[in-house]
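Values below: every heavy atom of this structure, side chains too, minus hydrogens, waters and symmetry copies.
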Amino acid sequence: QVHLVESGGGLVQAGGSLRLSCVASGRTFSNNAMGWFRQAPGKEREFVAALTWNADIIYYARYAKGRFTISRDNAKNTVYLQMNSLKPEDTAVYFCAARKRPDYSGSQHDYDYWGQGTQVTVSS
């Protein structure tokens, strides 16, 4: 079992930045691929970014490329999502997720563990 706890969400003006963190506990973290997803009100949860166990492959949703950066520190059991140039349409609850496998995926159905989410609100 892997327990995930996100933090770093909040209210920010358009054009601003936030850094989300996700701390994992409960079992080995370094062998797991990790991902970030988000869900806006009234919408389905969607993929944001993911990376392999050693971050040799990183994958972004089209809207996240150039603005968001996913990274991980296996020594700290933590994955990050740096979000820059935020837009009002980035407003959502952001979820951290872990796979039992080391290879990444853009599908939420491939992830086995989820955090509770952290709210990001971008004002115009």
Side-chain angles (χ1 to χ4, degrees):
Q1 187 74 15
V2 174
H3 184 56
L4 304 172
V5 179
E6 303 98 332
S7 62
L11 174 64
V12 64
Q13 289 188 332
S17 298
L18 283 174
R19 188 194 197 201
L20 307 184
S21 299
C22 172
V23 179
S25 61
R27 56 162 284 173
T28 302
F29 168 80
S30 60
N31 294 334
N32 301 90
M34 301 294 295
W36 285 96
F37 292 79
R38 70 183 188 182
Q39 186 167 19
K43 295 187 177 181
E44 294 187 354
R45 188 156 54 186
E46 63 177 357
F47 171 73
V48 179
L51 74 176
T52 53
W53 71 277
N54 62 354
D56 65 335
I57 299 176
I58 298 177
Y59 180 49
Y60 293 98
R62 183 171 298 180
Y63 64 81
K65 282 184 179 179
R67 298 192 299 129
F68 295 1
T69 302
I70 187 173
S71 61
R72 66 189 296 164
D73 185 340
N74 287 344
K76 296 182 178 179
N77 286 352
T78 302
V79 63
Y80 305 96
L81 184 68
Q82 176 68 43
M83 303 187 294
N84 300 326
S85 302
L86 283 163
K87 306 174 182 179
E89 52 263 43
D90 293 318
T91 295
V93 177
Y94 283 71
F95 297 90
C96 171
R99 296 193 75 191
K100 291 180 180 178
R101 297 168 56 94
D103 51 320
Y104 78 93
S105 171
S107 171
Q108 61 177 312
H109 303 293
D110 290 336
Y111 288 80
D112 303 287
Y113 307 103
W114 292 84
Q116 82 289 347
T118 185
Q119 177 70 48
V120 171
T121 303
V122 184
S123 63
S124 57

Fill in the blank from the handout: Residues Pro102 and Ala33: closest non-hydrogen pair is O-CB, 3.5 Å
Fill in the blank from the handout: Rounded to the nearest 0.5 angstrom, the NZ-OH distance for Lys65 and Tyr59 is 7.5 Å
Exercise for the section: Output the distance between atom CD1 (Ile57) and atom CG (Leu51), rounded to the nearest 0.5 Å. Expected result: 10.0 Å
Exercise for the section: Look at the side-chain heavy atoms of Ile, Leu, Val, Met, Phe, Trp and Tyr, link any pair under 4.5 Å apart, and say whether Met83 and Leu11 land in one connected group. Expected result: no
Practice task
Might you point out which heavy atoms bring Ala49 and Leu81 nearest each other, and give the distance in Å?
Solution key: CB-CD1, 4.4 Å
Practice task
Using a 4.5 Å cut-off on heavy atoms from C-beta on, say whether the side chain of Asn32 contacts that of Arg99.
Solution key: no
Problem - Side-chain donor/acceptor of Arg45 to backbone N/O of Val93, under 3.5 Å - result: no
Handout entry: Pairwise distance OG1(Thr121) to CG(Leu86) - rounded to 0.5 angstrom
Key = 10.5 Å
Handout entry: Closest contact, heavy atoms only, Gln119 versus Ala92
Key = NE2-O, 3.4 Å
Handout entry: Within one Ile-Leu-Val-Met-Phe-Trp-Tyr cluster: Ile58 and Tyr94, side-chain cutoff 4.5 Å
Key = yes
Practice task
Rounded to the nearest 0.5 Å, what's the gap from CZ on Arg72 to CG on Asn77? Could you check?
Solution key: 9.0 Å
Exercise for the section: List the atom of Ser105, the atom of Asp110, and the distance in Å for their closest heavy-atom pair. Expected result: OG-OD2, 2.6 Å
Fill in the blank from the handout: Correct closest heavy-atom pair for Phe47 and Tyr60 would be CE2-C, 3.8 Å
Handout entry: Trp53 versus Asn74, closest heavy-atom pair with distance
Key = O-ND2, 3.2 Å
Problem - Distance in Å, Ser124 OG paired with Glu89 CD, rounded so as to fall on 0.5 Å steps - result: 10.0 Å
Exercise for the section: Drop me the distance from Asn84's CG to Thr69's OG1, to the nearest 0.5 angstrom. Expected result: 6.5 Å
Practice task
Answer whether the closest heavy-atom distance between the side chains of Phe95 and Leu4 falls below 4.5 Å.
Solution key: no
Practice task
Check step by step if salt bridge (Lys or Arg N to Asp or Glu O under 4.0 Å) holds for Asp90 and Arg38.
Solution key: CA-CA 9 Å; Asp90 293 318; Arg38 70 183 188 182; 2.9 Å; yes
Problem - Atom CZ of Arg67: over 12 foreign heavy atoms under 6.0 Å - result: yes
Problem - Sub-4.5 Å side-chain heavy-atom contact between Val23 and His3 - result: no
Practice task
Ignoring hydrogens and angles, tell me if any N or O in the side chain of Glu6 forms a donor-acceptor pair with the backbone of Gln116 under 3.5 Å.
Solution key: yes
Exercise for the section: Give me the ring orientation class for Phe37 and Tyr111: parallel if the planes are under 30° apart, tilted from 30 to 60°, perpendicular past 60°. Expected result: perpendicular
Practice task
Answer whether the closest heavy-atom distance between the side chains of Asp73 and Tyr80 falls below 4.5 Å.
Solution key: yes
Handout entry: Hphob cluster co-occupancy, Tyr63 + Ile70, side-chain heavy atoms under 4.5 angstrom
Key = yes
Handout entry: Student check: side-chain heavy atoms of Cys96 and Trp114 closer than 4.5 Å
Key = no
Handout entry: Single-linkage hydrophobic cluster, 4.5 Å side-chain cutoff, Val48 and Tyr104 together
Key = no
